[in-house]
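Below, chain A is the first sequence line, B the second, and so on; all start at residue 1.
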Amino acid sequence: MSADGAGVSARRVGGHERVTGQQEYLADIRQPHALHVKLVALDVARARILNIDTTEAEQVPGVSLVMTAADLPQPVPRFGPQFQDRPVLAVGETKYHGEPVAAVAAETKDAAEAAARLVVVEHEVLPAVFSVAEALDPGSPLVQEPGLRPDDPLAGTNILREHHFGWGDVDTSAADLVVENTYTFPIVTHFAIEPHGFMAAPDGDGIVIWSAIQHPYLLQKMMAKLLGMPLASVRVLAPDPGGAFGGKQNAKLEPLVAFIALRTGRPVRLILTLEETFQAVRRASAEITVRTGFVEDGTLAFQDIEANFLIGAYADIADRVVSKSSYLGCGPYRTPAARILARAILSHTTPSTAFRGFGIPQLTWARESNLDEGAHVLGIDRLEIRLRNLVADGEAFIPGDTAADGDWAQSVRKAAELIKWDSPVPAGRGRGLAIGLKSGPTAGLSYSTVRLLADGSGVVYSGTSDMGQGARTIFAQIVSQELGVPLDRISVVMGDTAVVPYDQQTSASRSSVFMGTAVLRACQEIQAQLCEMASRLHGIDASEIVVENGVVRLPDGEAAIVEVLQQGLAPLGGELVGNGEMRKQGDPDHPLGGSAAFFEFNCTATEVEVDQETGETLLHRYVTVGDVGRAMNPIQVAGQDEGAAIMGLGHTLMEHIILDESGRIQNLGAIDYRIPTSNDLPLELVSASVENGDGPGPYGIKGIAEGALLPTAPAVAGAVREATGAFIRDLPLTPERIWQALQERP
Amino acid sequence: MIPAGALAMTFTVNGTVRTLEVATHHTLLDVLRDQLDLTGTKECCAEGECGACTVLVDGRSVNSCLMLAVEADGSEIATVEGLASDGELGPLQQAFLDKGAAQCGFCIPGQLMSAQALLARNPLPTVDEVHDGLVGNLCRCAGYQQITEAVLAAAESVNR
């Protein structure tokens, strides 16, 4: 077996560049003679644009163009991954705080910034909606022009889409106890440390676009359509993102920089500030009412969920977030009857988009907390009530859909054991335990090409985006496992649609499974060619030769792949090329357009102390256990798992975007919007995995990058409740909120 | 392009003396990245909160986004590009690589420079001291445990 193969904590491919400052992120790419772009926006959410005076801005030395919507093709092109509703620049009115109304392109950043301040936007502030209640009030203004969805009966409302899922009959289900509560989840933002950046340059009859985007090929397709160019004329260069977390999945300002580049005939560069990045992406907030019906022994009778997600001013991928997460709202529990109503509700706020967990953290917060409340009333242990209802391996829990693909009780028991659930709780502390479950991708298509070069080194081509999850390392490990090439002799080429074959997207923790399978199949093609070579060289029938795990097995012994390769390629040299494909078709009859390729399952358990005077929480011990199938690279699995847990502690304890009465983000920037630091870690953080090799990916792996963030909030809140007796149903659990709850205790 | 109001300054960057004209309103970060092409130092919050732009100025860790370049006149600056010598990784770099501390990697140059400053003043820090020493460097991948392990391992390897 290869020293760098499956199951080894191989060093990160790209790690050397990352510790030496040589890794080239988007903003590090230099374009000679590029124009610098600065956005112009209003300091209010919704306003009618009466006039834009660019005269003074155009006088600033070095300014090449001040672009407004009037300079774009008319009607102004709109785009989006699910609905084509978002204009390249605001048309007629702004719909959220920070929406660009104009853009300045100039020879220097200084000139662009100076000129942007001189663009005068005459405007009239308009009434707007910033909450679920306001948006659903029939007297409130509409966020979206009804003309954008002419045949939609909901077009006269702020509801973009309403989804109904369920089975059985909730209304006739007998229950001994019904517990109903409403839980809220705040607006939070991705806060990738790399702010978003975009560049574009004309390229003959086509265009080159640089974006640290997770889905370069979706961007290519969208830009080709928007610009009326063939796919072959749109080249997307996608350098590794400096963190993405879903925020860099779909196009944001790429169309704007493309139009500026085509208009000026120059390369253009737009690097957002962190504040502008906050105004570009966020997670949907939610108000979720859960009615859980229990039989006396804790068995679930029904779950009845109404989930109202406040999405932003444009749809982005938010409606998919709503439907996909709500569909799985009842979790991994045997639920005889279920009714799920989910709404994607437009508002005059930052467009919400994919964010690690894809809606599941919101649903999990509500469902798991309500399960705790039920257990409390019934006097049943919170671990016990979960184990009692948890589905077994292979058991379907949504009728007609993918069955449980793991022995999930193992993860739950392991988490309980690691937190010492059965031991007495120390005075002043409480424990919590919660379960998160998320669907992997419902459809997908990934191609990969692998080249085995004449000296036995290898090159992998993949359209995946390595945003820190370590995809390059995983793909290289697969090549190492199959072809015996050491990791330091493998290059992984990504991020250029002119070079790498098509990949649908980097999302839903799919890459190890989907692209991993494509890489594996490409390696298998090369193994077949090596087999033919060995057959020819040794005069043995190919059926007597096996190429696996990096060696060529002959009837009378083994040969190194590189030996067979070099003898086989002689005298001209050359290389072997393998192509692999992984395809999961959708299912048009499925409510989500396809069943889950796999599930991410996580059980999190915590032990928390609450300062009764200040409401501050101290996390003594924090345990996350994921059902990972197999840890392809244990260090990377731990890194993703712990990282997800700590990110989850952000929305659980401290993060929330605060809007003022005119929809302006009040805590815009790193000073006022706090994310976890090295001083916010649990005193003891344990990341563990259950490995049964039962995933659909190479060597039995599953996707793992999101699981630990799904149940963080209910696992911590459950501990806070045990420590204080206070049920808190709104996040984040700030000291102020906990202190308030302590004062209101009966 | 240097606008009016530029000043000549001289400083040492990673051991090399550099003399250049800088705009008086440009930060040390601007000059490192845009004039000296030392893009290892990163820009994120531009208000001294995230630590991505951390460099050493005369041995002290500094948010280079908060320091005007002209203030660095006559100083010795160390950036991530100076941590390796003759192609050999420094002990912190090696430990970050070994412990899997770099995920997306964007915060890592800043983490390394803060860790460098920490170990210079406290060669064998405790876990809490590492957390305190690096509290100004945000990592959204939240690889804090791996980063801490790496700093402790580097300290141990140097002091062994």
Side-chain angles (χ1 to χ4, degrees), chain A residues 9 11-12 14-25 27-28 30 62 107-111 190-195 240-245 271 273-275 466-470 633 635-636 638-640 642-647 649-650 669-671 675-679 681 685 687, chain B residues 1 3 23 25-26 30 33-34 37-50 52 79-81 83-84 89-90 92-110 112 128 130-148:
Chain A
S9 284
R11 274 195 207 139
R12 180 172 295 264
H16 190 275
E17 292 82 346
R18 282 164 171 76
V19 300
T20 52
Q22 291 165 356
Q23 179 67 31
E24 201 171 56
Y25 299 92
D28 303 332
R30 300 293 142 169
E107 300 294 338
T108 66
K109 214 170 126 192
D110 285 339
H190 300 66
F191 204 151
I193 305 299
E194 179 201 36
D240 289 6
F245 313 110
I271 308 299
T273 62
L274 183 65
E275 288 79 2
D466 194 337
M467 50 197 176
Q469 84 280 39
N633 182 316
I635 275 195
Q636 288 194 176
Q640 285 292 296
E642 291 172 13
I646 296 166
M647 182 176 257
L649 288 174
I671 292 178
I675 61 173
T677 71
S678 53
N679 272 344
L681 305 183
L685 171 56
S687 162
Chain B
M1 188 191 296
H25 68 286
H26 281 179
D30 294 332
R33 285 184 57 83
D34 298 337
D37 212 22
L38 291 169
T39 55
T41 305
K42 303 302 176 198
E43 176 163 352
C44 169
C45 75
E47 55 188 8
E49 281 297 313
C50 74
T79 72
V80 68
E81 288 90 347
L83 289 182
L89 294 182
L92 275 165
Q93 291 173 305
Q94 188 63 50
F96 269 57
L97 197 53
D98 293 343
K99 298 291 179 187
Q103 295 188 44
C104 86
F106 199 81
C107 74
I108 294 300
L112 284 164
D128 285 347
V130 175
H131 288 166
D132 284 345
L134 270 59
V135 71
N137 293 83
L138 300 177
C139 173
R140 191 55 152 168
C141 299
Y144 294 120
Q145 298 223 124
Q146 290 79 13
I147 291 169
T148 303

- Message: Just by distance, no angles: are the side chains of B:His26 and A:Asp110 close enough, under 3.5 Å, to form a donor-acceptor pair?
- Response: yes
- Message: Using heavy-atom distances under 4.5 Å, tell me whether A:Leu681 contacts chain B through its side chain, its backbone, both, or neither.
- Response: side chain
- Task: Can you tell which part of A:Gln636 gets under 4.5 Å to a heavy atom of chain B, answering side chain, backbone, both or neither?
- Result: neither
- Who among B:Glu43, B:Gln93, B:Lys99 has the most heavy-atom pairs with chain A under 4.5 Å? B:Gln93
- Given that the side chain runs from C-beta out, which part of B:Ala52 has a heavy atom under 4.5 Å from chain A: side chain, backbone, both or neither? side chain
- Message: For the interface with chain A, which of B:Thr39, B:Asp37, B:Asp128 has the highest count of heavy-atom pairs at distances below 4.5 Å?
- Response: B:Thr39
- chain B contact via A:His16 - which portion, at a heavy-atom distance below 4.5 Å: both
- Region of A:Asn679 in contact with chain B, defined by heavy-atom distances below 4.5 Å: both
- Query: Say you draw a straight line from CG of B:Asn137 to CD1 of B:Ile147; how long is it, rounded to the nearest 0.5 Å?
  - Reply: 8.0 Å
- Proximity breakdown for B:Leu112 and chain A, heavy-atom pairs closer than 4.5 Å: side chain
- Item | Option in B:Asp98, B:Ile108, B:Leu134 with maximal non-hydrogen atom pairs under 4.5 Å from chain A | B:Asp98
- Task: Mind checking ring-ring contact (aromatic ring centres under 6.0 Å, His included) for A:Phe191 and listing every partner two or more places apart, or none if nothing turns up?
- Result: A:Phe278
- Query: Using non-hydrogen atoms only, which part of A:Gln23 is less than 4.5 Å away from chain B: side chain, backbone, both, or neither?
  - Reply: backbone
- Message: At a 4.5 Å cut-off on heavy atoms, which part of B:Leu92 comes close to chain A: side chain, backbone, both, or neither?
- Response: neither
- Item | Among the listed options B:Ala102, B:Gly143, B:Gly136, the residue most often paired with chain A at heavy-atom distances under 4.5 Å | B:Ala102
